[in-house]
Amino acid sequence: MEILGLLYEGKAKKIYSTDQEEQLLVEYKDDATAFNGEKRDVISGKGELNNRISGIFFRLLTENGVENHYLKEISPTKQLVKKVEIVPIEVVIRNIVAGSLAKRLGLAEGTILPQPVVEFYYKNDQLGDPLINSSHIAVLQLATKEQVQKMKAISLKVNEIITAFLRERKIILVDFKLEFGITGDGQLILADEISPDTCRFWDEETYEKLDKDRFRRDLGNVEEAYRKILNRIGGEENV
Ligand code: TMP
């Protein structure tokens with residue numbers, strides 16, 4: 001596999017084309033941003049940690065029958081993925097109240113939800129990724145009704161798989177964000193990344209935050225927290 005040009009540079013990743021038409025290379029960067037890019041920093045080692053962590057979660061999902069874009073790890077910060085057209089919707093699943101849900105509904109952070117909450121956000125930096133519902137998705141033609149149903153069903157399945165996996169490792173999956181893409185042959189599959197940048201992870205015993213909230217809220221030890229996640233989910237395995 002040969003790396004060709006840079007196709008796209010996002011806030012936390014770079015995407016390169018390869019000599020394989022249907023495959024892209026994702027490079028995880030050390031850059032961190034929050035609040036739609038207003039807060040910025042470089043967290044040394046983050047790219048490598050997120051590449052490894054995301055790879056572990058995608059392989060777990062593949063083993064459990066959830067189709068996704070991940071193909072293989074190429075280097076400490078790079079992974080090969082299937083080429084997809086990203087659907088401009090972020091699906092957020094919440095098990096425990098935190099972040100924007102606490103603000104929006106006036107609920108205390110840490111409140112256990114009686115059932116998972118499913119939310120959709122419009123992936124649009126200019127608008128600051130607003131919360132949207134299925135009618136908005138329909139009028140904006142972001143996805144079909146069937147695709148929305150499928151994204152919701154897959155996201156809830158991902159929640160069950162990762163929640164159970166992390167529970168055995170004494171980590172609580174508080175909430176997370178997923179993105180989906182359409183393959184060349186029109187299939188909707190899970191894409192993007194699953195890492196402490198895109199999930200909230202709390203230590204089961206101490207409730208210590210082991211995710212990007214450490215950066216968002218200036219709690220310090222960001223890299224150490226991400227490393228704890230990698231170590232607990234088995235980062236020493238051969239990849
Ligand atoms: P929120 O509480 O800020 O809405 O975040 C919900 C979840 O989504 C949390 O696990 C972090 C993740 N997330 C992203 O991955 N990207 C984003 O841009 C935002 C705002 C949240």
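The basis for the numbers below is simple: all heavy atoms, side chains too, and nothing from hydrogens, waters or symmetry mates. Counting convention: from 1, in listed order, for ligands and their atoms alike.
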Minimum-distance protein heavy atom relative to [atom]:
| atom | answer |
| --- | --- |
| atom 17 (C) of ligand 1 | E90 OE1, 4.3 Å |
| atom 4 (O) of ligand 1 | S100 OG, 2.5 Å |
| atom 7 (C) of ligand 1 | D175 OD1, 3.7 Å |

With a cutoff of 4.0 Å, is K212 in contact with ligand 1, counting heavy atoms of the residue only?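 Under 4.0 Å: no for K212.
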Which ligand 1 atoms does [X] reach within 4.0 Å, using its non-hydrogen atoms?
| X | result |
| --- | --- |
| R216 | 11 (C) |
| F176 | 10 (O) |
| Y121 | 4 (O) |
| G99 | 2 (O) |
| D197 | 15 (O) |

Is atom NZ of K29 surrounded by more than 12 heavy atoms (other residues, nucleotides or ligands) closer than 6.0 Å?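 For K29, atom NZ is crowded (more than 12 foreign heavy atoms under 6.0 Å).
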Taking CZ in R40 as the centre, count heavy atoms belonging to other residues, nucleotides or ligands within less than 6.0 Å. Is the count above 12?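 Open: at most 12 neighbouring heavy atoms sit under 6.0 Å from CZ of R40.
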Tell me, please, whether F215 has K39 positioned over its six-membered ring: NZ or CZ under 6.0 Å from the ring centre and within 45 degrees of its axis?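 Yes.
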Please round to the nearest 0.5 Å and tell me the distance separating atom CG of L210 and atom CD1 of I172.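 Here the rounded value is 10.0 Å.
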NZ-NZ distance between K14 and K78, expressed to the nearest 0.5 angstrom: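 Answer rounded to 0.5 Å: 9.0 Å.
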On the 0 to 90° scale, with breaks at 30° and 60°, tag the Y70-F58 ring pair as parallel, tilted or perpendicular.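 Parallel: the ring planes of Y70 and F58 meet at under 30°.
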Give yes or no for whether the N/O distance cutoff of 3.5 Å, strictly under, is met between R200 and ligand 1.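 The answer is yes, given that R200 and ligand 1 share an N or O pair closer than 3.5 Å.
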Can you tell which part of C199 has a heavy atom less than 4.0 Å from ligand 1: side chain, backbone, both or neither?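 Backbone only; the side chain of C199 stays clear of ligand 1.
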Side-chain heavy atoms nearer than 4.5 Å, only ILVMFWY residues, links allowed to pass through others: does that put Y121 and L101 together?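 No, Y121 and L101 fall in different hydrophobic clusters.
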Quiz question: by atom type and distance under 3.5 Å, do the side chains of N159 and T163 form a donor-acceptor pair?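 Yes, T163 and N159 have a side-chain donor paired with an acceptor closer than 3.5 Å.
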Side chains of D185 and T183: donor-acceptor distance under 3.5 Å anywhere?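 Checked: D185/T183 side chains pair up, N/O donor to acceptor below 3.5 Å.
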Look up atom 12 (C) of ligand 1 and tell me if a protein heavy atom lies less than 4.0 Å from it?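 Yes, at least one protein heavy atom sits under 4.0 Å from atom 12 (C) of ligand 1.
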Atom 8 (O) of ligand 1: which of K103, K11, K177 has the nearest heavy atom?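 Result: the heavy atom closest to atom 8 (O) of ligand 1 is in K177.
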